S.K.: 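One structure coming up, written as structure tokens, with questions to follow.
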Amino acid sequence: QVQLVESGGGLVQAGGSLRLSCAASGLTFNNYAMGWFRQAPGKEREFVAAIGLSDRMNAYLDSVKDRFSVSRDNAKNMVYLQMNDLKPEDTAVYYCAAVRSFAPVVDRLKYSFWGQGTSVTVSS
């Protein structure tokens, strides 16, 4: 049974930082590209960042690419999202997801497995 468990969310002031973590189990982690998505109240779930099998293969939403960084630790079955210079518009529930792919995947419909999400609130 595949499980993805996010952690690290919370309340932070604008300009602050958070590091989200996602622990994966029940899958051969180094066969899966990993993605981070977010969903704000009343909005659709949107792509934030993705990483392929290699740390050097990644993709970002334009509005976060200079502030967020995605990474993975294949030895620990973990993926991370470092979020710096947070803005109120980053407030959302953040989800980790997995897709069997070599390269990072932007399309959320292609992802096979999802976590339950972790909430991030950025106050102004």
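These figures come from a predicted structure and were not determined experimentally. Throughout, residue positions are numbered sequentially from 1 according to the sequence presented.
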S.K.: Give a yes or no answer on whether the side chain of Y95 reaches the backbone of Q39 with a donor-acceptor pair at less than 3.5 Å.
M.R.: no
S.K.: Going through the checks in order, is the side chain to side chain contact (heavy atoms under 4.5 Å, CB included) test met by E6 and L20?
M.R.: CA-CA 7 Å; E6 303 94 336; L20 304 184; over 6 Å; no
S.K.: Does the pair M34 and L4 meet the rule for a side chain to side chain contact (heavy atoms under 4.5 Å, CB included), with working shown?
M.R.: CA-CA 10 Å; M34 301 297 293; L4 301 176; 4.0 Å; yes
S.K.: State yes or no: do L81 and M78 share one hydrophobic cluster built from I, L, V, M, F, W and Y residues joined by side-chain heavy-atom distances below 4.5 Å, directly or via other members?
M.R.: no
S.K.: Could you check whether any side-chain N or O of R45 sits under 3.5 Å from a backbone N or O of V93, counting only pairs where one atom can act as donor and the other as acceptor?
M.R.: no
S.K.: Specify the closest pair of heavy atoms between P104 and A33, including all atoms of both residues, with the distance to one decimal.
M.R.: CA-CB, 4.4 Å
S.K.: Given the side-chain rings of W114 and F37, with only the six-membered ring counted for Trp, is the space between their centroids under 6.0 Å?
M.R.: yes
S.K.: Evaluate the side chain to side chain contact (heavy atoms under 4.5 Å, CB included) criterion for residues R100 and S112: first the C-alpha distance (whole Å), next the side-chain angles of each, then the deciding distance (0.1 Å), finally the verdict.
M.R.: CA-CA 8 Å; R100 186 150 184 155; S112 303; 5.9 Å; no
S.K.: Side-chain heavy atoms nearer than 4.5 Å, only ILVMFWY residues, links allowed to pass through others: does that put V64 and V12 together?
M.R.: yes
S.K.: Could you tell me whether the side chain of T91 and the main chain of V122 form a donor-acceptor pair under 3.5 Å?
M.R.: yes
S.K.: Which atoms form the tightest heavy-atom contact between A103 and M57, and what is the distance?
M.R.: CA-CE, 3.5 Å
S.K.: So F47 and R108, do their side chains get closer than 4.5 Å, heavy atoms only?
M.R.: no
S.K.: Write down the atom of S21, the atom of Y80, and the distance for their closest heavy-atom approach.
M.R.: OG-CD2, 3.4 Å
S.K.: Judged by atom type as modelled, is there a donor-acceptor pair below 3.5 Å linking the side chain of Q116 to the main-chain atoms of V5?
M.R.: no
S.K.: When you compare the side chain of D90 with that of R67, does any pair of heavy atoms fall below 4.5 Å?
M.R.: yes
S.K.: Ignoring hydrogens, what is the shortest heavy-atom contact between G8 and L18? Give both atom names and the distance.
M.R.: O-CD2, 3.8 Å
S.K.: Give a yes or no answer on whether the side chain of N30 reaches the backbone of L53 with a donor-acceptor pair at less than 3.5 Å.
M.R.: no
S.K.: Kindly say whether V70 contributes a backbone atom to a donor-acceptor pair with the side chain of Y60 at under 3.5 angstrom?
M.R.: yes
S.K.: I'd like to know whether L61 forms a side chain to side chain contact (heavy atoms under 4.5 Å, CB included) with R38, so could you lay out the CA-CA distance, the side-chain angles of the two residues, the decisive distance to 0.1 Å, and finally the verdict.
M.R.: CA-CA 11 Å; L61 178 69; R38 66 187 181 188; 3.7 Å; yes
S.K.: Is there a side-chain contact between Y32 and S101 (heavy atoms, below 4.5 Å)?
M.R.: no
